J.: 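Pasting in a structure now, in structure tokens, and then I'll have a few things to ask.
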Amino acid sequence: MYFKFGRPDVARRLFDEMPQRDVVSYNTLIAGYSNCGNLAAAGEVFDGMTERNPVSWSSMIAGHARRGDLVSARELFDRVPAADRNVVCWNAMVSGYTQNERFSEAVKVFQMMLQESRTSVQPNEVTLVSVLSSCANLGALDLGKWIDGYIKKRRMALGLFLGNALSDMYAKCGCIVEAKKVFDRMVEKDVISWTIIISASAMHGLSEEAISGFHDMLVHGIKPNDITFMAILAACTHGGMVEDGLNYFEMMSREFGINPKVEHYGCVVDLLSRAGRLSEAEDIINSMSVPPNVVVWGALLGGCRIYKDDARGERVVRRILELDPEHAGSYVYLSTVYASFGRLEEAAKCRLKMRENRVVKTPGCSWIEVDNTVHEFFVGDRSHPQSDKIYSMISSLGPRMKLAGYVPNTSVVSQFIDEEEKEDALFMHSERLAVAFGLISTKEGTTIRVVKNLRVCTDCHDAMKIISKIVEREIVLRDRSRFHHFKEGRCSCKDYW
DNA sequence: TATTTACTCT
């Protein structure tokens, strides 16, 4: 109780004054310290215990995981005596990885658990919710489907948590129909269930469905929250429905009393910027009720890049670098703009600054699930065991793609861009590697599903359209914010993204 | 006394 009031000192005094202390009193103290992030104190108490139970262990594991220290969490987990390693200990480890975006590790631990669980513990709802969340992030549809089967086999109830996690997994793995089926099967639905469906429609470019989902939700008496509005704004952005988006943005505070956060401004600025309404977007930033962050300015910068508004772009970059001198996107943008004008000296200065400030770009990474295994590819990756086959598949596609009308993006700019960019151009983008691997390792005609950590570039987007046509395969590519369904030379996003 | 779902830009 005193921990909840932010008074660990009082809690500790009470503990020290107790006439006798059992394992429960120790555990309470550990949980208290660990909840308020004081792992040093928690560890001291833990180390001093003569007798521990699963509660002591899981509190410690969860405490470290919450602070992002997965190494310590895992060390503790590996030290848990077999007799104490109950389902909550496993869950603390799986959810620890999930919450720290270490999705593959979460899946690995879950698979370890299944190995052991034949004799001892069985996964429960909490385990499955965490693993499903990891599957959703990884786009691991096979494992997700397996878990769906497991839920059915064990006749587990589809409560709010499990139903939402399952529905979201299907949505993020590209199966929006399945996601809706799960949603329909759920007896009880909350704001999260509805938000998942709205956001799923948005991700798949089904703006109308997202909007009708929003209104259905209101009819069912569920109040939208701030995240629901993020989903509906994203739907408008992906569909290019600017006026609708602006209306929902206004409705949010006027009708639902939700004050826009910096995230909502991010959505609206993105909405306007992608549609080319750059000065309106800039006006919004300059009149925001909360200070704009790098994300908001970054959304406007994206618009400046698409619509080649260099003057505004320069202004925006200056604001971004004030907030984050290491903002990689700004430097890349600047060097491209300078180079396109032939201002090579400025471009070179820009590269120098990047090096001085140790700017690190997030490397492009894509992954594909084949036979229950997630295969990961980075830009220009040659580390995959089947690398030779992958690259020869790509080369063999080349001439066929050109015949079908594919023109690689060899604009003048590419000669002047910085070294890293050049590497990108020379090496293969990760999504092509993943798709090529899919082509050589799956049956003819099956859909290829790839997930990418960044947005797909125009060149790869063109390439994917052509590939889908010449190999007669559907390619489903999930990028950072949405799905592209490539089929017969076309993309579901209608080239607006 | 311990563990669980949706989230803006590059």
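Side chains are part of it too, since the values below use all heavy atoms of this structure and drop only hydrogens, waters and symmetry mates. All values reported here derive from a predicted model rather than from experimental measurement. In the text below, chain A, chain B and the rest are named by the order of the sequence lines, each starting its count at 1.
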J.: Relative to the ring of F183(A), is the ring of W194(A) parallel (under 30°), tilted (30 to 60°) or perpendicular (over 60°)?
T.: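 The arrangement is perpendicular - the two ring planes meet at more than 60°.
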J.: Scan G266(A) against the nucleic acid and name what it touches under 4.0 Å (heavy atoms): base, sugar-phosphate only, or nothing.
T.: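 The answer is base, as G266(A) lies within the cut-off (heavy atoms under 4.0 Å) of a base atom.
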J.: Could you note down all residue pairs passing side chain to side chain donor-acceptor pair (under 3.5 Å) where residues 176-185 of chain A supplies at least one of them, sequence neighbours left out?
T.: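 The answer is E178(A)-K181(A).
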J.: Does one side chain, of D226(A) or H264(A), offer a donor that lies under 3.5 Å from an acceptor on the other?
T.: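 Per modelled atom types, D226(A) and H264(A) side chains form no pair under 3.5 Å.
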J.: Checking all strands, does D226(A) fall into the base, sugar-phosphate, or nothing category for heavy-atom contacts under 4.0 angstrom?
T.: nothing
J.: Report the distance from atom CE of M203(A) to atom CG of L206(A), rounding to the nearest 0.5 Å.
T.: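 So the gap between those two atoms works out to 10.5 Å.
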J.: Which is the 5'-most and which the 3'-most nucleotide of DNA chain B that has an atom under 4.0 Å from a heavy atom of chain A?
T.: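 Contact span on the strand: dT1(B) to dT10(B).
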J.: Considering every strand and a 4.0 Å limit on heavy-atom distances, what is the contact class for N86(A): base, sugar-phosphate, or nothing?
T.: base
J.: Determine the contact category for S199(A): base if any of its heavy atoms lies under 4.0 Å from a base atom, sugar-phosphate if only primed atoms, P, OP1 or OP2 are that close, otherwise nothing.
T.: nothing
J.: Quick one: do R13(A) and E17(A) make a salt bridge, cutoff under 4.0 Å?
T.: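 Counted as a salt bridge, because a side-chain N and a carboxylate O are separated by less than 4.0 Å.
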J.: Measure from the side-chain N and O atoms of S167(A) to the backbone N and O of G163(A), and report whether any donor-acceptor pair falls under 3.5 Å.
T.: no
J.: How is V94(A) classified with respect to the nucleic acid when contacts are heavy atoms under 4.0 Å: base, sugar-phosphate, or nothing?
T.: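 Since no nucleic acid heavy atom lies under 4.0 Å of V94(A), the category is nothing.
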J.: Check every strand shown and say whether R305(A) touches a base, only sugar-phosphate, or nothing at a heavy-atom separation below 4.0 Å.
T.: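 Touches nothing.
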J.: How is R274(A) classified with respect to the nucleic acid when contacts are heavy atoms under 4.0 Å: base, sugar-phosphate, or nothing?
T.: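 Sugar-phosphate only.
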